[in-house]
Structures are given as C-alpha cells and as structure tokens.
A.B. asks: 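Got a structure here, written out as structure tokens. Questions coming.
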Amino acid sequence: MEYIILFLPLLASFVAGFFGKLIGERNSEIITSLSVSITAILSIIIFYNVVTQDYNNNIVIASWIKSGSLEINWAINIDALSSVMLVVVTLISSIVHIYSIGYMSHDPHKPRFMAFLSLFTFAMLTLVTSDNFLQLFFGWEGVGLCSYFLIGFWFKRESANAAAIKAFLVNRVGDFGLALGIFLIFYLFGTINYDEVFKLIPTILDEKINFLSFDFNSIDLICILLFIGAMGKSAQIILHTWLPDAMEGPTPVSALIHAATMVTAGVFLVVRCSPIYEFSELALSIVTIVGIVTAIFAASVALVQNDIKKIIAYSTCSQLGYMFFATGVGAYNVAMFHLFTHAFFKALLFLGSGSVIHSFNDEQDINKMGGVKKILPYTYILMIIGTLALTGFPFLSGFYSKDAIIEFAYLKGDYLGYFAASAGVFTALLTSIYSWRLIFKTFHGSYNNTKQPIESVHESPMVMIIPLIILAIGSILGGILFKDLFIGQESSYVFWKSSIKFLDPLSIDHPPIWFIILTPALVIISIPISFYLFVKNKNVTKVLIEQNRPFYLFLKNKWYFDEFYEFIFIKPLKFLGYLFWKKVDGSIIDKFGPDGISKIIKNFSIKAVKFQSGFIYQYAFVMLLGFSLLLTLLILD
Amino acid sequence: MNFPILTSLILLPAIGSFFIFFVKFNKNYQSSKYVALFISLANFVLALYLWSIFDNSSSEFQFIEEKKWIQGYFNYKVGIDGISILFIILTTFITPLCIISVNSTVTKRLKDFLIAILLMETLMIGVFCSLDLILFYLFFEGGLIPMFLIIGIWGGERRVYSAFKFFLYTLLGSVLMLVAIITIYWMTGTTDVEKLYQIGIDYNYQKLLWLAFFSSFAVKTPMWPFHTWLPDAHVEAPTAGSVLLAAILLKMAGYGFIRFSLGLFPLASEYFIPLVFTLSLIAIVYTSLVALMQEDMKKLIAYSSVAHMGFVTLGIFTLTQQGLVGSIFQMISHGLISAALFLCVGVVYERMHTRLINKYGGVVSVMPKYAIVFMIFTLGALGLPGTTGFVGEFLILLAAFKKSFLVAIIASLGVIFGAAYMLWLYRRIIFGEIKNADVKKLFDLKKHEIVILWSIAVPSIFFGFYPQPLIVTVDVSVINLLEMYNNNLKTFLVNK
C-alpha cells in the first residue's frame, strides 16, 4: 500500500508529462487526478490504521549512497507524524488536481501542469516519509524544483520567471543551512538516520564544538542550522521574500504548494527533529522569536496589500509564524494541529480567491472588485467560511488550533512564553482585520471595475466549486473532530508516541478564563469594525493613511526587504563577478600570464633576430666579450 | 588473462584512424564517419566487457601488461584499478557521441577531424591505463596535439589565439612534470608506478616534485589562477572539441592528482593541503560569480566547469574515503553533464550561429523537446538531488566538513551560486517571449540529437538515484590508496 501511495503520483506524472499529447488533455487530467485521489484514500486508510491500531512501518526500498561509514537508504517510514502529513498532502493535492481541471481549462499546456502537480505530490511524499535526512533533503529540493516549475508555469511572463528563480535561490540559501546541519550531524554521529541520530542525541548534551572560532554547544548548532533550512522553505522572516512573489504561479499552485503543503515542510522538519530541539533551549528560543516576528510582520504587511493573492500569501507567512512559535514553546503537537487545520482553510481561501479571479477574468486587485456577493453566491459563502476558520471564529477549525497555540505559549510560563502569547493575540486581531478587509472589498460595497462590465462577472463551474465545498467541510469540522486526537491531554501517549519527543510532559493547566475569551472576543469584535472601515465609511482609513504616510509606505513596501537585499547582496555580487571577469581574469592573470609571457618571448626573439646582423665585427666583438668573461671567471676561481 | 585487452582498447581507435587515413572514401566522407562510429562503439562495448570482468574486491592493479620498451630504462606497462576503469568507460562512452554530433558541425575536412578524435581517444585511454611515468607523460602530453589541432583548424574566429594559449599554458606546466619524472628516475632507478608505490620517494624531495607535478595538473584541471585558457579554448573549439575537452581532458588532471600526487608524494600532499584548499575555494566562488556575468553561453559553461573542478580538487585533498569517492564521482558526473551542456549549446549554435545569450529567449515555444533535455542537464549542473551532480557534491562537502567547517561553508556557497547562474542562463535562453525573429525559425531536435542527448541524460539520472555501481567499483581502490597514504605518513612520523 505504501508503495502505491508513493509511486502512483510519480507514474501519473510521467504518463501525463511524456505522453500528454498522445493520450489527450482530458485523459491526462483524469489519470493524474484519479491517481492522486487513490493515494489520498489509501493515506486516509493508513492514518486510520495508525490511530486505531498503532500501525508503524519502515520499508526500505533500496540502498541509495553507501560509502565508508555513510549508508543511506530510500525508505518509506510510517508513523503518526508522517501519517498526518500523508493525509494533508494527498487530500489537498487531490482536491487541487480536480479544481485545476476547471481553473486551467483555457490553458494550452494542461498535461504539463497536471504532470508537475503530481510530481510535486511525489516529491512531498518522499519528504514526509523519509527515515533519514538525505531523503528528506531530496524531497526538500524536489518540492522546491516543482515549485520553481509551477511558479514559472506561464513562462512567457518575465515576472513569473523572475519569481520562480527567486523562489529557488532563496530556498537554496535555506538549503545551505539545512545541508550544513546534515553534514554536522554526520560529523558528530557518523550516521544521518533519524532513529540512530535521535538515540545518540542525549550522549552529546554537553559537547562543545568550535565553529568559525566560536564555541557552540553542538546540539544548539545542529538545531540552528536545520532551522535555517526550515526558514527558507517556510518563508520565515529574512528568507520570506520569495513567497509573495511566488503568487505569479497559477492559483491552484498557490493553494497546494504555497499554502497547504510545501511551505509547511519547515514546520514538519522542526517537529520531526523534536528529539533534537528538545535539548536545545537556545534554538527553541530562536524558533519562537523568529515565529513571533514573522507572524506580526506578515500580518502587518497583509493589512495594506491590494493583490488578493498577496494578502493570502502574507497571511500564510503569518500563520506559519504561529506554527513555529508553537514548536518553539514545545507544543509540537499543537503546531501540527494548526498545520493540519490551516491546510484546509488556507487552501479554501486560495482556491476561493482563484474562483474570484476566474470570475473577474484574471483581475487580482481587490480595489477593482466589490458588490458581487449576489453574483458569486457560492464563492462568497465559501470564502466567508474560510475567513471565519482562519480568524479563529469560535468552533471553526482555526479556533481550536490557533487559540491552543496562544494558550500553550501562555502556559510556558516564562517571559518568552508571555511575549509569544500576547503577540499571538495581537496577530489574531490583525489577521481578522485583513481577512475581513479582503472579504468586504471583494464582495461588498459597490462594483469598482471600470474595465469590464459587471455582467461579465460569472460564477465558477461546479468542478471548481465542489472541491471548495469539501475544503469548507474540513475547515468547519477539522478542529472539533480532531482536537482530542492531536492536542488532547493524552495525545502524546495515545497518538504521537515516539514520533514527537516531549522532554517535559505538556502542561495540563488552563490559562485564566479572561485570557481564553480574549482572542475570540477580539476576533468577533473586529468583524463589525472592519465592516465599518472598509464598507460603510472608507474615509476613516483614507485619513489614517494620509496621517501616517511613511508608516503606510513602510508596510506597503513590505518593510523594504527586497530593496535591502538588492542593495546588499545582488548588486555587490554582480559587481564582483564583473570585476573578477574583466579585471582579474582579463587585466591581471592574462596580462601577466600567457599574454605577458608570449609578449616577452616575442620581444626577445625580435631582439635576437636583430642580433644576427651579418656584420663580422659585431660577431667578433661578442666573441671577445664572451672570452673575457670566461677568462675572468677562471681567474676568480 | 592472455588477451591484451587494455592494449586493444588503447590501439583500436588508433588503428581505426589509420584505416580512415589510408582508405579512399566517397566524396563527402560520410562513410568514414560510419567507420569511426563503428570503431568507437566497438571500443565502448569492449570497455563495458572489461568492466564486467573487472574484480571490484581486489585492491591490486588488474589486467597488467608489461613489455620491454627501451631496454633497461623504461617499459610499456599498463594496468587498471577501480579508479581508472570508470574514466575509461567515460572516455569510450563520450567518443562515439562526439562522432555522431559531428554530423553538421564540421563542414570542412571531416576525415581529418575524425582521425583527430580517434587519436584523442587512444591517447586518453592510454593516460588512464599507464602504470609507467614516462608512458603516462607521453599519453598525457600527446593528448595536447589533437586537441590543439581541433581548436586550431576547426575552431571559431579567434581559434589561433586560443589554440596557442591552450598549448602554451598546458605545455609550460608539463615541462616541469617531465623534469620531475626524470628526477624520479635518477633517484630510484625506475618509472614503474607500482614499484614506486612500494619504494616510496625520498621525503626531502617530495615537495619539489609535488610542485612540479602540480604545475602540470593545476593547469589541466584547471585550477585558479591557471584557468583563463579554458574559456577561450571552449569558445573557439567546435562542439565535439568542447565536449572532449570538458568531459575527458580535464579529468586527466584529477586522475593524475589521485594516482601520482597522492600516491607518490603523500608527505608533500599533506603539506600542501592548505594551498589546494585555498585555490579550490577561490575557484568555486570566484568562477561562479564570473559565470554569473557571462554573455556567451559557452563561456558561462566553461567557467562553471572551473567551479565544478574546484569541488573535485577540494574533495581529493580532504583525503577521506567520502571525499575521494565523491571527487571521482563528481568527475564522472561532470564528464556527462558538461559534455551534454556543450552539446546543448552546439544544438542551438548550429541553427542560430550565435552563442550570445541575449539573442535567445522563448526557445521553449519552438523547441519543447530541447527545453526538456536542457533542463535535465541544467538541474544536473546545479546539483539537484536525483542527478549525478548531487551525489558527488554531497560526498565532497560532507568530507570537507570533517576537515574544516569554514571550507565546507565557503564551498557550499558555490552550490547557491551554481543554481543562480544555471537557472538564469536557462531562463534567458528558454523562457520568456520570443524577441529575436530568428528564434521563431528554429526547429526542434533532430533524431541524432535526441539520441545523443538522451543517452547522456539517462545515465546522469540513473546514477543519481542509484550511484552504487560506480561507488562499488572505486571503493576498494580508494580505501587501498588511502591506506597506503596513511601508512607512508606514519612511517615518516616514526622515522622522524
């Protein structure tokens, strides 16, 4: 069964990719969608087995690299953690596959698109089912590659190409950290198998290591390096710049890769490595801080963006921040729970926005929408459900997972925990405001598009709406149904078992009641406030913007990260490349090397030629000179 | 083993070239191409057969043949171990592909071109088989001549400048090597590699001799700052020439480092590790950045070759099993991938007659099949897991990390830059709107091009997922070499 789950998407991808023309567009769509749907069903069966029968399995497919003490296998490893990821990946993927049939219906390259989606699914599955760090790295780069292809899917658009390369390169910077982390693990333990490494971790607790002339605790260093990789993939602040740009890709891609699955790989990595992170106070603090800062940063930027997809992209960034600070305070299972619920409502929001874009004939600016809630009734309602779930409206899925994160942060009981909890509450408020801003500007108010008449706006076909409905059901019920399994008091013994390590058992206390109520209260109150600000009385926001113009521009330009990087990395590197090429290679090495030598030889030979003058007195003079020189030498001896 | 299989491997292409030289063909020499192709394919099959009967588990040299040559001085002695055989396979694999690719790139003096290529093959196989220093030197330097001719006769506009630059650079280094070989002969009375391994070379002279060998290998590798001949040579060479140059000629130096620098001068190798590391790191970072700024496709790939070979020299001098295996793997991988990239450039150059990147753009719309294979090799060059490029780089970096964190970190930067210049190159050629009207007239891959490119693509993916056959072949030889190396170091320390 595991083999089918892993290889069916790969097979489908091959068929659609290489024989797409031969079998026709429709067949490619059917084959890929069907294959991924089958893997989704099988994954659910495996998940069920894991929950009910403690199913665990480690299948070695083949040996990959074996050199000296290094032994790496291709493997499928099933435990609680990977089974959750299996379900999330295959379920969202199959929904996105089906949705794409409708969304991409006018695209001439459908088989290629479906092939990449399936290939991505395969890569993501190898990532989550790995039993060692190198296969993880393989999947890690593999999903990055598919992401690159899919962001740049519309290859004629310069901006899409630029975004694709940017995504790949920023991720490479993260991978650089991850790779160094893997090297360090091999250096310390002589193996990179999860089980073996995790077993050996407690033996090196106090080992120091000299790294670039600083003394580090080895475990701290491993965790930090791995986390750099996680930051790249999960678009955490500093390495986040690729994610908003990645919205150049078709919307189903954004839903699958840049919301539900690939970007959560970083969170997965940290949770998977909980047996290492649990021993590193320092690394956990860093993870927490990065998570907090990203959550606030991304939410603040999302407040002022106008591109519907960019708002949701920043929202993803921000929610990933939540997941990271959940892991940072040691609530790995809560992070996984949020990952699980987030996959549903964020995919729903993305696909919903895709439906909006589709309806508006590829318009993405929310200022050019509005007043269409009656024309797009399904999309409208589904988007509302997604928004409610995202903001954590009581009893929807986000309510259980996000509030749990905030509560666990509070229960951590130290300064960092309190700080994380208050940042969580604040971000929840921002989340609510920007999400409702999106809804109100898109659907309410008056129709603002001058380019196309309102009549041209149309509801999306059923092949797009039905996947949304499935996701909406997940967004509503996902929290309430699975909360005991994922984050119940017994969950660590009953469900997660050895797949997540908790050094200290999770706190079973509750925060004070006012704190529990605080977040939902803010979330609910912000709905009418947003309605007032963005529909009823738009002047308030206008005045606010006018009065705080610099701050507004700061947010609007995403805290100037891109400009900053252009200035300190891209330009200097290009300059160096040019300098090395023209000046060092051309003017120094060549001038004094081969060209210089050949010039000297040439000059010398010209002189030598002149020497053969044919005049006997010259020759005689030279002979005399030589003779006297010889004589002098002999006498001196 | 009575059948002289190695000598046959070495001589078969040479005999073929004689045959082509003396037999009259019809006017356009097409049939001479088939003869050359047949011979090189037969040689490939022979090499595969050799691989199949090769004993992986033995650390001794195998299939040794020894003939007296110049009485009392030196002998014709050939033999292989796990390291050499992979390079022999690579050579015999790439040569027939080169011959097929000649189809439309070489318009004048086809017959002579084929003779040059076949002679090259003979000499290069000879390099990897030689177990005698003089013999090695003859093959090693002999390889210069056909390459010099290939660039000088069939090259582009500045071919004469490039050919001479190539020749001067590589010859200057080699003269020192010759002096070193003669010195070794006077010191030990033999040039037999096996015997020299046993005797060992006087510690006092090792450093100087090492430097003499180094000067030759560093130029051929090429290591920074001896690399400037390579971009020029590549740019002017015809496609087949570039392929042979990148795939095999450069590997002779890496092979030389392993076989001679480590084997004969362990003490000096240990002493010069910092030097090699420094030059390798500079090569990796420096040439990657230079590659980023190139406007000529071939130059870009040539510079990337320098960076990739930087990884190789880095790996060799980590002197660990993973490092050495990684380096050998990286050389094979680079042999496949850089060869394929030059072939890819050749494909569009033939159609457009320009190598300037900005003349292209939007090629995918007219050449989708080309876009796919080009993408595979682009990914291989940037070291994506699942291609051979990754396995080599990974093992090398892993080994470098053991030696020094800083070295591994700087080298890993090269991996980031590698992705940058390759993807940017690919984007500028393949993606985007078509801006140049000539691009619209392009036609997709022809049959023989598909055959060539895919027959390189398949092994570069296969061995990325399953590198074991290659690793197993070299493993014992590498372990043996390292053992010998470490024993030598130990005895020195004890004597001291």
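Numbered from 1 within each chain, the chains take letters A, B, ... in sequence-line order.
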A.B. asks: Which heavy atom in B/Ile409 sits nearest to a heavy atom in A/Phe176, and how many Å separate them?
C.D. replies: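 Nearest heavy atoms, B/Ile409 then A/Phe176: O-CE1, 3.4 Å.
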
A.B. asks: Below 4.5 Å from any heavy atom of chain B, which atoms of A/Leu145 appear? Answer side chain, backbone, both or neither.
C.D. replies: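 Interface part for A/Leu145: side chain.
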
A.B. asks: Below 4.5 Å from any heavy atom of chain A, which atoms of B/Leu413 appear? Answer side chain, backbone, both or neither.
C.D. replies: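 For B/Leu413, heavy atoms of backbone and side chain both lie under 4.5 Å from chain A.
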
A.B. asks: Hey, can you tell me if B/Phe431 and A/Phe155 have their rings parallel, tilted or perpendicular (30° and 60° cut-offs)?
C.D. replies: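 Rings of B/Phe431 and A/Phe155: parallel, under 30°.
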
A.B. asks: Among A/Ala162, A/Gly142, A/Ala164, who wins on heavy-atom pairs under 4.5 Å with chain B?
C.D. replies: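 Of the options given, most contacts go to A/Ala162.
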
A.B. asks: Could you give the distance from CG (A/Leu134) to CZ (B/Phe394), rounded to the nearest 0.5 Å?
C.D. replies: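 Reported value, rounded in 0.5 Å steps: 4.5 Å.
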
A.B. asks: Heavy-atom pairs under 4.5 Å with chain A: which of B/Leu292, B/Val472, B/Leu379 has the most?
C.D. replies: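 Highest number of pairs under 4.5 Å: B/Leu379.
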
A.B. asks: Looking at CG of B/Leu289 and CZ of A/Phe580, how far apart are the two atoms once the value is rounded to the nearest 0.5 Å?
C.D. replies: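 Atom-to-atom, B/Leu289:CG and A/Phe580:CZ are 6.0 Å apart.
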
A.B. asks: Tell me, side chain or backbone of B/Ile471 under 4.5 Å from chain A's heavy atoms, or both, or neither?
C.D. replies: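 Contact with chain A: side chain only.
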
A.B. asks: With a 4.5 angstrom heavy-atom cut-off, is it the side chain or the backbone of B/Val325 that approaches chain A, or both, or neither?
C.D. replies: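 Answer is side chain: those atoms of B/Val325 sit under 4.5 Å from chain A.
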
A.B. asks: Taking everything shown except A/Tyr3 itself, do over 12 heavy atoms lie less than 6.0 Å from its OH?
C.D. replies: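 Enclosed: over 12 neighbouring heavy atoms sit under 6.0 Å from OH of A/Tyr3.
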
A.B. asks: Select one option (side chain, backbone, both, neither) describing which atoms of A/Phe18 are under 4.5 Å from chain B's heavy atoms.
C.D. replies: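 Side chain only.
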
A.B. asks: Using the benzene-type ring in the case of Trp, are the ring centres of A/Phe138 and B/Phe465 under 6.0 Å apart?
C.D. replies: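 Yes; B/Phe465 has its ring centre under 6.0 Å from that of A/Phe138.
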
A.B. asks: Hey, which of A/Ile165, A/Leu576, A/Val173, A/Leu579 has the most heavy atom pairs under 4.5 Å with chain B?
C.D. replies: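 Most pairs with chain B among the choices: A/Ile165.
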
A.B. asks: With a 4.5 Å cut-off on side-chain heavy atoms, are B/Val290 and A/Val584 touching?
C.D. replies: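 Result no, sub-4.5 Å side-chain heavy-atom pair not found.
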
A.B. asks: Calculate, to the nearest 0.5 Å, the distance between atoms CG and CZ belonging to B/Leu397 and A/Phe183 respectively.
C.D. replies: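 Going from CG on B/Leu397 over to CZ on A/Phe183, the span is 4.5 Å.
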
A.B. asks: Work out which heavy atom in A/Ile65 is nearest to a heavy atom in B/Pro467; give both atom names and the distance.
C.D. replies: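 Taking A/Ile65 first and B/Pro467 second, the nearest heavy atoms are CG1-CG, 3.9 Å.
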
A.B. asks: Kindly provide each donor-acceptor pair between chain A and chain B shorter than 3.5 Å, listing atom names and distance.
C.D. replies:
| residue | atom | partner | partner atom | Å |
| --- | --- | --- | --- | --- |
| A/Trp64 | NE1 | B/Gly464 | O | 3.0 |
| A/Lys66 | N | B/Gln468 | OE1 | 3.2 |
| A/Lys66 | O | B/Gln468 | NE2 | 3.3 |
| A/Ser67 | O | B/Gln322 | NE2 | 2.9 |
| A/Trp74 | NE1 | B/Phe465 | O | 3.1 |
| A/Phe155 | O | B/Gly432 | N | 2.8 |
| A/Glu158 | OE1 | B/Arg427 | NH2 | 2.8 |
| A/Arg172 | NH1 | B/Leu382 | O | 3.0 |
| A/Arg172 | NH1 | B/Val415 | O | 3.0 |
| A/Arg172 | NH2 | B/Leu382 | O | 3.2 |
| A/Phe580 | O | B/Tyr286 | OH | 3.1 |
| A/Asp585 | N | B/Tyr286 | OH | 3.4 |
| A/Asp585 | OD1 | B/His227 | NE2 | 2.9 |
| A/Asp585 | OD1 | B/Tyr286 | OH | 2.6 |
| A/Asp585 | OD2 | B/His227 | NE2 | 2.9 |
| A/Asp585 | OD2 | B/Tyr303 | OH | 2.6 |
| A/Asp590 | OD1 | B/Lys165 | NZ | 3.3 |
| A/Asp590 | OD1 | B/Thr228 | OG1 | 2.6 |
| A/Asp590 | OD2 | B/Lys165 | NZ | 2.7 |
| A/Asp595 | OD1 | B/Tyr161 | OH | 2.9 |
| A/Asp595 | OD2 | B/Tyr161 | OH | 3.1 |

A.B. asks: State the CD1-CZ distance between A/Ile209 and B/Phe405, to the nearest 0.5 angstrom.
C.D. replies: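 Spacing of CD1 (A/Ile209) from CZ (B/Phe405) equals 4.0 Å.
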
A.B. asks: Which residues pass the ring pair (Phe, Tyr, Trp, His ring centres under 6.0 Å) test with A/Phe116, not counting sequence neighbours?
C.D. replies: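 Checked A/Phe116 against ring pair (Phe, Tyr, Trp, His ring centres under 6.0 Å); matches are A/Phe149.
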
A.B. asks: Within a reach of under 6.0 Å around CZ of A/Phe7, are more than 12 heavy atoms found that belong to other residues, nucleotides or ligands?
C.D. replies: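 More than 12 within 6.0 Å, yes.
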
A.B. asks: Non-hydrogen atoms of chain A under 4.5 Å away: do they reach the side chain of B/Leu382, the backbone, both or neither?
C.D. replies: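 Both backbone and side chain.
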
A.B. asks: Of the backbone (N, CA, C, O) and the side chain (C-beta and beyond), which part of A/Ile72 lies under 4.5 Å from a heavy atom of chain B, both, or neither?
C.D. replies: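 Only the side chain of A/Ile72 comes within 4.5 Å of chain B.
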
